[in-house]
Amino acid sequence: IKKLRTPTMNAVVRQSAAKAVRSARPVPQQQKRGIVDWMTNYPDKVMQTKKIQMEGGTCLGEKNPTWLKQPGDAIPLALGAALVGFGGVNCVVGHYRLATGKGKLD
């Protein structure tokens, strides 16, 4: 005679047990930031920067453009202009060499 196997838990009991286990878990605590705490508590300087940018109006192509109003804005402008100038000179030299056949490796 075959022994009938009876399940120990049916679906309803299994679901309610899973819900009870989930609800009994402790609530995770707020994380304690040690290394990045200075970043989250960094002072907000947006309004100070906005005040500098808005001084004298917001003009893009005039004598005092908005993108040159802050103290360190001239350095990236000079670096960018130098890179563009270097690339332009190299393009002209390259076109000249291609047109005249100079600078070949043979």
Identify all side-chain donor-acceptor contacts of residues 78-85 below 3.5 Å with residues at least two apart in sequence or on another chain.
none

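Note: His95 NE2 to Asn90 CG = 12.0 Å, rounded to the nearest 0.5 Å.
In this structure, Val89 belongs to a hydrophobic cluster whose other members, linked by side-chain heavy atoms under 4.5 Å apart, are Val93.
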